[in-house]
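Naming convention: chains lettered A, B, ... in sequence-line order (proteins, then strands); numbering from 1 in each chain. Everything numeric here is computed off the predicted structure, so don't read it as measured data.
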Amino acid sequence: MKLTEIDAPNFDLAMTLDSGQVFHWEKIGNRFYGTIGDRAVWVEQRGDVALVGHGAPSQSGDSPTLSGMVVNYFAFDHPLAEICRSFPDDPIMNAARSYCRGLRIIRQPRWECLATFITSSMKQVAHIRQISRKLRERFGERREIGNSELFTFPAPARLAGSSERALRECALGYRAKNLLATAQLVESGAVNLEKWSALSDVDLRANLCELPGVGAKVANCVMLFAYERLRAFPIDVWIERVLREQYFPRKRNMTAGRLRAFAETHFGEHGGYAQQYLFHHARMAARANLSAPPR
DNA sequence: CTCCAGGGATGAT
DNA sequence: ATCATCCATGGA
């Protein structure tokens with residue numbers, strides 16, 4: 001076990017990992033255990049420093065340094081103060097910005113992010129976490145870290161070579177068919193997720209939406225979390241609720257299309273970041289209301 | 001346009 | 001201990 005300290009200014013690890021953008025990190029004590037690509041690590045925040053525990057690299061040679069991988073994964077290079085300053089100055093956004101200080105949109109591996117969000121449709125965060133764990137345990141590669149074992153997210157070939165039935169055993173339900181079909185498209189080379197990074201937002205979204213199990217919402221999540229398209233604005237039920245109740249409280253005829261058009265213009269060049277802040281703030285506020293309901 | 005598949009955590013009773 | 005609710009895509 002080795003330790004690495006990494007400068008992590010303006011960062012909140014727990015907020016970042018608990019904001020519904022990534023689903024496999026497990027909290028044990030003060031540490032979050034998970035994989036970054038092929039590497040098993042734990043991460044602990046100590047003020048402005050991220051302490052990272054890790055085993056030996058899986059392969060020697062030309063792999064990037066661990067600290068480089070961590071900096072890239074958690075996007076410590078995103079100019080967060082500047083990004084937050086670009087949000088609109090309205091009461092809703094200001095409350096979310098203040099609550100979510102240090103939340104960063106991370107850079108997830110493309111396939112892992114796409115596959116995970118295909119499994120996310122019509123599921124809540126707790127279920128998505130379970131599916132991710134089952135897929136990893138059954139099809140991923142085992143890694144040891146300290147006394148814990150972790151599993152990498154299975155490569156496309158691994159899932160493409162499985163079966164709808166095996167995937168259903170991982171609690172995917174009807175999503176199994178979509179994940180299998182998409183894995184086979186990627187594995188066959190018919191789809192090259194890395195090459196898609198060169199596409200415009202419009203073309204990337206269109207290509208993603210062609211994949212089985214990917215609609216507008218999942219496509220926007222993948223654009224935001226795996227392709228660093230910080231303008232992409234996924235609208236799920238939580239965000240739709242925020243938009244309707246907070247921005248248009250007495251407009252009865254706001255269609256989904258009009259809401260989408262509003263979001264795309266109102267939240268600006270880092271709309272995806274704004275969306276994540278609104279999403280996380282709304283979810284945490286709802287949770288707080290359960291323990292202390294209003295009146 | 002409507003209806004529904006499929007499923008496990010979570011809340012309500 | 002049961003019962004209802006949450007959720008996004010795609011096909012009928």
Side-chain angles (χ1 to χ4, degrees), chain A residues 17-27 108 111-138 159 162-186 191 193 204-227 229 232-245 252-261 263-264 272 275-276 278-295:
Chain A
L17 293 183
D18 193 32
S19 64
Q21 58 177 319
V22 65
F23 302 96
H24 75 277
W25 292 87
E26 306 256 9
K27 190 173 189 199
Q108 299 186 43
W111 164 249
E112 177 177 324
C113 182
L114 170 63
T116 300
F117 276 93
I118 285 175
T119 71
S120 80
S121 90
M122 202 65 188
K123 286 283 187 192
Q124 287 165 281
V125 171
H127 305 151
I128 304 166
R129 295 181 60 86
Q130 246 185 11
I131 292 172
S132 172
R133 189 169 50 75
K134 285 181 177 169
L135 285 176
R136 287 165 182 272
E137 284 175 359
R138 177 148 182 177
L159 295 186
S162 72
S163 66
E164 182 180 336
R165 185 196 161 126
L167 294 178
R168 279 179 177 268
E169 288 169 4
C170 299
L172 269 76
Y174 63 85
R175 300 156 200 81
K177 184 187 293 250
N178 293 332
L179 181 59
L180 182 62
T182 297
Q184 287 168 348
L185 282 171
V186 173
V191 163
L193 295 179
L204 176 58
R205 183 177 292 111
N207 282 14
L208 285 168
C209 286
E210 291 289 308
L211 299 173
V214 180
K217 191 269 179 181
V218 169
N220 277 321
C221 285
V222 175
M223 290 175 68
L224 180 58
F225 302 134
Y227 286 90
R229 306 303 169 99
F233 196 101
I235 298 180
D236 72 328
V237 293
W238 287 93
I239 287 296
E240 181 160 346
R241 208 173 291 149
V242 169
L243 294 180
R244 284 187 193 282
E245 293 177 2
R252 284 163 299 149
N253 57 348
M254 282 302 289
T255 63
R258 298 197 64 145
L259 283 178
R260 181 169 47 75
E264 281 170 8
Q275 175 275 159
Q276 197 65 17
L278 291 171
F279 175 84
H280 188 58
H281 184 226
R283 280 182 17 106
M284 294 303 106
R287 185 176 295 189
N289 278 342
L290 289 176
S291 44
R295 330 228 312 113

In this structure, how many angstroms lie between the [atom2] atom of [N] and the [atom1] atom of [X], rounded?
X	N	atom1	atom2	value
A:K177	C:dA12	NZ	C1'	14 Å
A:H127	C:dA8	NE2	P	13 Å
A:I235	C:dT9	CD1	P	11 Å
A:R168	B:dG8	CZ	P	12 Å
A:L167	B:dG7	CG	P	13 Å
A:K217	C:dT9	NZ	C1'	11 Å
A:R129	B:dT10	CZ	P	11 Å
A:Y174	B:dG8	OH	C1'	13 Å

Do any side-chain nitrogens or oxygens of [X] fall under 4.0 Å of OP1 or OP2 in [N]?
X	N	value
A:Q130	B:dA9	yes
A:R175	C:dC7	no
A:W238	C:dC6	no

What's [X] touching, base or sugar-phosphate or nothing? Going by heavy atoms closer than 4.0 Å.
X	answer
A:L211	sugar-phosphate
A:R133	nothing
A:K123	base
A:V125	nothing

How long is the straight-line distance from [atom2] of [Y] back to [atom1] of [X], given to the nearest 0.5 Å?
X	Y	atom1	atom2	answer
A:I118	A:N178	CD1	CG	7.0 Å
A:H24	A:R136	NE2	CZ	4.5 Å
A:K123	A:L172	NZ	CG	8.0 Å
A:M254	A:L243	CE	CG	8.0 Å
A:T116	A:R129	OG1	CZ	11.5 Å
A:L278	A:F233	CG	CZ	6.0 Å

Which value, in whole Å, describes the distance between the P atoms of nucleotides C:dC7 and B:dC1?
->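 Nearest-Å result for C:dC7 against B:dC1 at atom P: 22 Å.
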Given the P atoms of B:dG6 and C:dT2, what is the spacing between them in whole Å?
->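 After rounding to an integer number of Å, I get 24 Å for this pair.
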Any residue of residues 278-285 of chain A with a heavy atom less than 4.0 Å from an atom of DNA chain B =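 Residues of residues 278-285 of chain A under 4.0 Å from DNA chain B: none.
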Select from A:Q124 and A:V214 the residue whose nearest nucleotide in DNA chain C is closer to the 5' end of that strand.
->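 The residue mapped nearer the 5' terminus is A:Q124.
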With under 30° as parallel and over 60° as perpendicular, where do the rings of A:F117 and A:F225 fit, or are they tilted in between?
->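 Answer is parallel, since the angle falls under 30°.
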Could you tell me which nucleotide pairs with B:dA5 by Watson-Crick or G-U wobble geometry, both distances under 3.5 Å, or answer none if nothing does?
->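 Checking every strand shown, B:dA5 finds its partner in C:dT9, with both distances under 3.5 Å.
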Got a sec: does the CZ of A:R241 have more than 12 other heavy atoms crowding it under 6.0 Å?
->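 Yes, the 6.0 Å shell around CZ holds more than 12 heavy atoms from other groups.
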